[in-house]
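Comments concern the structure below.
Both backbone and side-chain heavy atoms feed into the values below; hydrogens, waters and symmetry mates do not. Note that this is a predicted model, so its numbers are computed, not measured.
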Amino acid sequence: MDKNQEELKKFLQEQVEWCKQQDRTLEKIENKLFEMKKLSEYSRDYKLSPSEIKNLNDQLNKMRLEIYTLEQQLQSEVN
């Protein structure tokens, strides 16, 4: 293999690894969104006390911030 082929191979391997990292991050986001959906459906289907509503809102806000952080990771990996 000549130098250009080796460089291309290395570049492509890096791209594959970058894609795998992106995929893992997107999977984490998807899981968080699924959890949020389940909590939202639960709150829709059951009569909740004010403290339960506050607890669910706190959980949703925490997950929202986690998703935001993951999205920032995606953006920083692109740059």
Side-chain angles (χ1 to χ4, degrees):
M1 212 182 310
D2 70 2
K3 183 172 170 114
N4 286 337
Q5 286 177 324
E6 287 178 25
E7 288 176 4
L8 178 60
K9 181 180 177 184
K10 183 180 177 186
F11 172 76
L12 292 174
Q13 287 171 334
E14 290 171 353
Q15 292 299 303
V16 167
E17 185 56 38
W18 178 82
C19 288
K20 287 178 182 179
Q21 290 172 352
Q22 294 287 89
D23 186 55
R24 285 189 293 269
T25 302
L26 288 169
E27 187 175 341
K28 289 177 186 178
I29 290 172
E30 181 180 23
N31 289 337
K32 292 289 178 193
L33 289 170
F34 182 75
E35 287 179 55
M36 292 174 79
K37 178 183 176 193
K38 297 299 270 182
L39 285 175
S40 298
E41 289 172 344
Y42 179 83
S43 68
R44 176 196 66 202
D45 295 338
Y46 295 94
K47 178 127 173 99
L48 304 176
S49 71
S51 64
E52 291 171 319
I53 292 170
K54 182 187 180 319
N55 184 30
L56 282 177
N57 279 333
D58 290 345
Q59 289 179 39
L60 287 169
N61 282 329
K62 181 180 181 225
M63 285 186 268
R64 182 183 57 81
L65 290 173
E66 290 169 354
I67 289 171
Y68 177 78
T69 300
L70 290 167
E71 287 175 335
Q72 294 304 309
Q73 288 176 9
L74 284 174
Q75 295 301 317
S76 67
E77 289 174 10
V78 169
N79 296 326

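- Between atom SG of residue C19 and atom CG of residue L26 there is a gap of 10.5 Å, rounded to the nearest 0.5 Å.
- Comment: D58 engages K54 in a salt bridge, judged by a side-chain N to carboxylate O separation of less than 4.0 angstrom.
- Counting non-hydrogen atoms of other residues, nucleotides and ligands closer than 6.0 Å to CD of E30 gives a total of 12 or fewer.
- Between L70 and T25, the shortest heavy-atom distance links the atoms O-CG2, 3.6 Å.
- In this structure, CG on L65 lies 9.5 Å from OH on Y68, to the nearest 0.5 angstrom.
- Separation of atoms CE (M36) and CZ (R64) is listed at 7.5 Å; rounding is to 0.5 Å.
- The CD atom of E71 sits 14.0 Å away from the NZ atom of K28 when rounded to the nearest 0.5 Å.
- To the nearest 0.5 Å, atom OG1 of residue T69 and atom CG of residue L74 are 11.5 Å apart.
- The hydrophobic cluster containing L33 also contains Y42, counting ILVMFWY residues as joined when their side-chain heavy atoms lie under 4.5 angstrom apart, directly or transitively.
- The salt bridge (charged side-chain N to carboxylate O under 4.0 Å, His left out) search around K37 returns E41, not counting sequence neighbours.
- Put simply, the side chain of E6 does not reach to within 4.5 Å of the side chain of K10, judged on heavy atoms.
- Hydrophobic cluster membership is shared by Y46 and L39, with clusters built from Ile, Leu, Val, Met, Phe, Trp and Tyr side chains linked at under 4.5 angstrom.
- Placement of M63 and I53 within a single hydrophobic cluster is found when ILVMFWY residues are connected by side-chain heavy-atom separations under 4.5 Å, directly or transitively.
- The closest side-chain heavy-atom distance from N31 to E27 is below 4.5 Å.
- Across every non-hydrogen atom of E17 and R24, the tightest pair is OE2-NH2, 3.3 Å.
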- request: Report the C-alpha separation of Q5 and K9 in whole Å, then their side-chain angles, then the decisive distance to 0.1 Å, and conclude whether the side-chain contact (heavy atoms from CB on, under 4.5 Å) test is met.
  value: CA-CA 6 Å; Q5 286 177 324; K9 181 180 177 184; over 6 Å; no
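- Between the side chain of N61 and the backbone N or O of N57 there is at least one donor-acceptor pair closer than 3.5 Å.
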